[in-house]
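Chain naming here is simple, since letters A, B, ... match the order of the sequence lines and numbering starts at 1 in each.
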Amino acid sequence: MPRTVMEAEAIQDELRTLLDLTGPGPRSPARVAGVDVAYDRDRLAAAVTVLDGTTLEIVEKVAVSGRVAFDYVPGLLAFREVPALLDALERLSAPPDLVVCDGYGLAHPRRFGLACHLGVLTGLPTIGVGKTAFVGTYPTPAPERGSWTDLTLDGDVVGRVLRTRHGIKPVFVSVGHRVDLATACHNVLNLTPRYRLPETTRAADRLSREALIENCRPDLVGSAQYDEMG
DNA sequence: GCGACAG
DNA sequence: ATCTTGTCGC
């Protein structure tokens with residue numbers, strides 16, 4: 001783990017050279033994973049929920065708990081969440097065909113957000129879905145579900161501002177690893193039949209919060225302990 | 001120079 | 001992210 005902002009940024013610049021932006025990525029993934037991390041002071045719980053890509057039913061879930069290893073710094077979120085998420089992902093019975101991250105991917109100051117970071121370290125296809133603006137400029141997309149606009153940063157299209165529900169605040173989609181932007185948005189729309197956020201994200205968010213509470217008695221099936229210094 | 005800034 | 005009462009809207 002990096003100890004300073006400078007070290008962390010250097011690691012991002014290094015790992016970015018391993019990023020695969022070729023695509024296209026899966027259009028009909030059988031297993032889609034959602035990942036999220038919940039916090040309580042210096043404790044954290046990372047969750048991975050795998051959904052059937054067609055029915056959106058949860059088919060597998062894993063949660064791990066541990067301690068915060070890196071303070072939150074805009075642009076360096078991955079160093080705070082990736083270690084625990086890697087641990088959780090490795091405990092799955094089988095790898096997912098796509099991982100939907102809670103945050104940004106290529107739409108990042110150094111073009112290497114959480115989704116890119118997790119993708120490069122796991123080798124899995126990943127995409128990022130952010131709830132609020134972080135970097136880039138964009139026009140407001142039309143109110144209909146499915147409409148979108150370019151998210152531009154330094155003259156590059158780094159993502160899309162996508163409307164997943166009619167008349168409701170859009171989400172920010174950017175690619176992570178091994179998936180192109182159109183395929184990423186296609187998957188996000190398939191994962192949002194009813195709510196603004198992908199079912200994968202909603203499921204992982206719930207599980208991470210539950211795990212944070214159930215953490216007091218780590219004797220439940222599907223849970224595990226995770227730790228690292230900070 | 002100052003403020004903003006994924007989760 | 002998380003802390004948190006009331007409040008606005010459907």
Side-chain angles (χ1 to χ4, degrees), chain A residues 1-2 5 8-9 11-12 15-16 19 33-49 63-86 88-89 99-121 126-138 143 151-154 156 158-162 164-177 181 184 188 194-198 200-213 215 226 228 230:
Chain A
M1 280 291 276
V5 167
E9 294 181 341
I11 289 174
Q12 292 183 323
L15 291 178
R16 190 182 57 212
L19 198 56
V35 297
D36 194 21
V37 180
Y39 302 88
D40 177 30
R41 304 283 184 171
D42 64 330
R43 294 192 309 124
L44 65 77
V48 177
T49 48
V64 301
S65 59
R67 287 182 170 289
V68 170
F70 203 89
D71 286 329
Y72 172 69
V73 177
L76 301 180
L77 175 66
F79 294 97
R80 187 172 166 79
E81 309 203 330
V82 163
L85 290 177
L86 278 178
L89 282 167
V99 178
V100 180
C101 302
D102 199 346
Y104 285 62
L106 197 65
H108 176 277
R110 282 169 300 285
R111 305 296 196 277
F112 200 73
L114 171 66
C116 299
H117 203 130
L118 193 60
V120 165
L121 295 190
T126 62
I127 65 174
V129 179
K131 298 183 287 292
T132 62
F134 178 37
V135 291
T137 57
Y138 57 93
L151 176 60
T152 304
L153 179 62
D154 301 325
D156 300 323
V158 294
R160 284 183 186 174
V161 180
L162 177 67
T164 55
R165 303 300 306 162
H166 186 113
I168 291 179
K169 182 180 175 183
V171 296
F172 299 79
V173 181
S174 57
V175 307
H177 186 57
L181 190 51
V188 170
R194 174 154 189 206
Y195 297 98
R196 177 193 176 222
L197 299 179
T200 38
T201 300
R202 290 164 46 77
D205 180 74
R206 277 175 305 208
L207 179 57
S208 66
R209 296 192 196 215
E210 288 173 11
L212 201 55
I213 295 173
N215 191 5
Y226 169 82
E228 184 167 322

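- Among the protein residues, A/Tyr39 comes within range of the sugar-phosphate backbone only, with heavy atoms under 4.0 Å from sugar or phosphate atoms but none that close to a base.
- A/Arg209 pairs by the salt bridge (Lys or Arg N to Asp or Glu O under 4.0 Å) definition with A/Asp205, not counting sequence neighbours.
- When heavy atoms are screened at a 4.0 angstrom cut-off, A/Asp36 is found touching the sugar-phosphate backbone but no base atom.
- Residue A/Val99 is tested with A/Val48, A/Ile127, A/Leu118 for a side-chain contact (heavy atoms from CB on, under 4.5 Å); the sole match is A/Leu118.
- Here the side chains of A/Leu162 and A/Pro170 are not in contact, with every heavy-atom distance at 4.5 Å or above.
- Among residues two or more places apart in sequence or in another chain, the side chain to side chain donor-acceptor pair (under 3.5 Å) test is passed with A/Arg206 by none.
- Base-pairing analysis of DNA chain C finds no stem of at least three consecutive Watson-Crick or G-U pairs with both pairing distances under 3.5 Å.
- With sequence neighbours excluded, the residues forming a side chain to side chain donor-acceptor pair (under 3.5 Å) with A/Glu9 are A/Arg110, listed by chain and number.
- Separation of atoms CG (A/Asp156) and CG (A/Leu151) is listed at 11.0 Å; rounding is to 0.5 Å.
- A/Arg80 comes within contact range of at least one nucleobase, with a heavy-atom separation under 4.0 Å.
- Applying the salt bridge (Lys or Arg N to Asp or Glu O under 4.0 Å) test to every pair with at least one member in residues 70-79 of chain A, sequence neighbours left out, gives no pairs at all.
- Extent of DNA chain B lying under 4.0 Å from chain A heavy atoms, first and last nucleotide in 5' to 3' order, is B/dC5 to B/dG7.
- The side chain to side chain donor-acceptor pair (under 3.5 Å) search around A/Lys131 returns A/Asp102, not counting sequence neighbours.
- Judged as a ring pair (Phe, Tyr, Trp, His ring centres under 6.0 Å), and not counting sequence neighbours, A/Tyr39 has no contacts.
- Separation of atoms NZ (A/Lys169) and CZ (A/Arg196) is listed at 5.0 Å; rounding is to 0.5 Å.
- Among the atoms of the strands shown, none is found under 4.0 Å from any heavy atom of A/Leu85.
- The outermost nucleotides of DNA chain C lying under 4.0 Å from heavy atoms of chain A, listed 5' to 3', are C/dA1 to C/dT2.
- For residues 72-81 of chain A, no residue pair satisfies the salt bridge (Lys or Arg N to Asp or Glu O under 4.0 Å) rule, not counting sequence neighbours.
- Note on A/Gly128: nothing from the nucleic acid sits closer than 4.0 angstrom, heavy atoms only.
- Pairs of Watson-Crick or G-U wobble type, with distances under 3.5 Å, never assemble into runs of 3 or more in DNA chain B.
- A/Gly113 comes within 4.0 angstrom of a base, heavy atoms only.
- Scanning for side chain to side chain donor-acceptor pair (under 3.5 Å) contacts around A/Asp36 gives an empty result, with sequence neighbours left out.
- Expressed to the nearest 0.5 Å, how far CG of A/Leu77 lies from CZ of A/Phe70 amounts to 10.5 Å.
- In this structure, A/Ala133 reaches the sugar-phosphate backbone alone: every heavy-atom distance under 4.0 Å involves primed, P, OP1 or OP2 atoms, never a base.
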